[in-house]
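When a ligand or atom number is given, it counts from 1 through the structure's own listing order.
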Amino acid sequence: PAGRQAWHQKFRARPALSDNQRIQDRMTIKTRFAPSPTGHLHVGNIRTALHNWMFAKKEGGTFLLRLDDTDAERSKEEYVDAIRADLAWLGLASDEEQRQSARFDRYEEHLAKLKADGRVYPAYETAQELDLKRKIQLGRGKPPIYDRGALDLTAEQVAAYEAEGRKPHWRFKLDHETPITWTDLIRGDQNFDPALLSDPVILREDGSWLYMLPSAIDDIEMGITHVVRGEDHVANTAVQIQMFQALGAKPPEFAHEALLVGTEGKLSKRLGSLGVSSFREKNIEPQAIVALLARIGTSDSVEPIADVEQLIATFDFARFGRAPARFDDEELAQLNQKIVHLLDYEDVKARLPEAMDTEAWAVIRPNLHDMGDVDQWWQVVTGPISPPEFSAEDREFLTVAHDKLEVLEASSDLWKDLTGALKEETGRKGKPLFMPLRQALTGLDHGPDMNALLPLIGREVALERLAKTNI
Ligand code: GLU
């Protein structure tokens, strides 16, 4: 909607750098968010996307949306569209977009080189055979690491498999002699013994790619400087570091963030299905999601900050904790309410009833739990309203109120002058003075400050409402 344009325009996509520019400008920070379009983004993905985006913005870098759509069967265009739309709604515009499905040639080319270098090898075990191997290892109290049986196959054995119609899958051969180390921007120094990892399968027997190698190739060729993702990828990083090296590239920096958990302290199914559509249904503002996800799990407190540039300014991997980040719907709802109270008329104009102007927004805004309440309060202004039944004394009092309002000067301060005159005339004060008036004028016994609301309702409508109570 147009109301969100200011927010979007601040971060309008920059044109992607040409390869030449990128080579000249190696130090340009570039992050990527790499979802597989096999489903909708959930709050955990959104958090990862946000952190990649914030870091790129903070560093004046580039934020790439990379669609990991090598799985032709499970990847759907509908999800690609939904991912783009969700990111746009959140204000996380990408500067560049790439799709893995357009890059199979690149992967084949690198695979050929890795084959020539002896860094990948064919293996013929079936899933069942591999499963059996693992069970035997576990039975002997050993870790279930792939035993590299494929490397011992004789030419005859390979020929026999091929004659049987078996197709190989391909594994990346880890270098057992070179320990894997990196300094993670969140987790600090990391060390892995490659001999304790299985050589990962990179290409299936049906020719489809697994995620690991294409991702490393893309990170190299697209000039990614920082890989920011969940800590569930730490072991993948260990393997990918050797892939970067085997491909002749320096690995990027890595930041693995602690995972997101629900209030129950677990990785819940519920969080896995919580995405932009459920936030929109609950009238949660994108700024509230951004403010929450920018800060949970960090040493900075969650604050109602609607201006994302303020959040970007405090973004720092050093402030990310190692404990899981807790996502609490109640915290989001409360933050959302505070954010709504900060939104300017221009931010929300497109979502307001047509006749509602800046003044009306200012009067109604403090009463909103969320934007879904706007219509209800606007109806208090425009009607119809349904006031309660009044007692005989109150009816009489409201008749006096009607007559007083009728004779107020056009320039008068309606509410102040009306209640002042009534107080003097009837001797009522406090609740007996204000409540029947509020009820007769709004149909409710709570709501916006009457002083601000009455001018919105207008003298004419107010007179009608007061007159009605006495029929
Ligand atoms: N497509 C991968 C995933 O969604 C990307 C992980 C990564 O950031 O490298 O898990």
Side-chain angles (χ1 to χ4, degrees), residues 29-56 61-77 79-80 82-84 86-87 92 94-104 106-107 110 172 180 182 184-187 190 192 200-204 208-244 247 249 251-260 267 271-276 293 317 320:
I29 297 296
K30 189 168 178 183
T31 62
R32 88 293 197 278
F33 172 52
S36 300
T38 54
H40 290 281
L41 297 183
H42 57 70
V43 61
N45 306 138
I46 292 171
R47 177 167 168 257
T48 303
L50 174 65
H51 295 158
N52 275 285
W53 180 86
M54 290 177 82
F55 182 64
T62 306
F63 172 62
L64 165 73
L65 171 61
R66 188 186 83 201
L67 296 156
D68 284 4
D69 56 353
T70 55
D71 185 336
E73 215 148 286
R74 292 177 57 229
S75 298
K76 299 251 162 21
E77 253 354 83
Y79 294 128
V80 170
I83 288 168
R84 290 189 192 122
D86 286 357
L87 292 178
L92 311 182
S94 61
D95 303 308
E96 182 185 330
E97 188 181 301
Q98 297 276 356
R99 297 182 72 138
Q100 292 196 321
S101 58
R103 295 178 43 79
F104 291 128
R106 303 301 302 138
Y107 308 149
H110 285 286
F172 176 76
I180 302 167
W182 79 93
D184 196 280
L185 296 174
I186 295 173
R187 299 165 62 85
Q190 304 288 299
F192 279 80
V201 176
I202 52 169
L203 194 61
R204 295 188 190 89
S208 64
W209 287 96
L210 279 107
Y211 139 81
M212 299 277 253
L213 186 66
S215 179
I217 292 170
D218 288 349
D219 287 339
I220 295 168
E221 296 199 342
M222 295 171 193
I224 299 303
T225 59
H226 292 73
V227 170
V228 182
R229 56 188 177 187
E231 66 182 11
D232 51 332
H233 281 289
V234 168
N236 290 342
T237 295
V239 165
Q240 284 177 322
I241 281 182
Q242 285 212 347
M243 289 180 174
F244 283 107
L247 293 162
E253 300 287 331
F254 288 94
H256 291 91
E257 49 191 19
L259 297 182
L260 192 68
L267 271 177
L271 286 191
S273 61
L274 194 62
V276 164
L293 296 181
F317 288 121
F320 279 66

Visitor: If you take the centroid of each ring, where Trp contributes its six-membered ring, are Phe317 and Phe55 closer together than 6.0 Å?
Guide: yes
Visitor: Go through Asp69 and Ser101 one step at a time and tell me if the side chain to side chain donor-acceptor pair (under 3.5 Å) criterion holds.
Guide: CA-CA 6 Å; Asp69 56 353; Ser101 58; 2.7 Å; yes
Visitor: Counting from 1, what ligand 1 atoms have a heavy atom of Ser36 closer than 4.0 Å?
Guide: 1 (N)
Visitor: Among Arg32, His233, Gln100, which one puts a heavy atom closest to atom 8 (O) of ligand 1?
Guide: Arg32
Visitor: For the side-chain hydrogen bond (donor to acceptor under 3.5 Å, both in side chains) test, which of Gln98, Arg32, Arg106, Gln100 pairs with Asp218?
Guide: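 Filter result, single survivor: Gln100.
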Visitor: Identify which of Ile224, Asp68, Thr70, Asp218 has a heavy atom lying nearest to atom 1 (N) of ligand 1.
Guide: Asp68
Visitor: Report the nearest protein non-hydrogen atom to atom 5 (C) of ligand 1: residue, atom name, distance rounded to 0.1 Å.
Guide: Ala34 O, 3.2 Å
Visitor: Need the ligand 1 atom indices (1-based, order shown) with element for anything under 4.0 Å from a heavy-atom of Arg229.
Guide: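 Answer, ordered by atom number: 7 (C), 8 (O), 9 (O).
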Visitor: With a 4.0 Å cut-off, would you call Glu96 and Arg66 a salt bridge?
Guide: no
Visitor: Just checking Arg74: does its CZ atom have more than 12 heavy atoms from other residues, nucleotides or ligands closer to it than 6.0 angstrom?
Guide: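 No, the 6.0 Å shell around CZ holds no more than 12 heavy atoms from other groups.
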Visitor: If you measure from each non-hydrogen atom of Phe33 to ligand 1, which part falls under 4.0 Å: side chain, backbone, both or neither?
Guide: neither
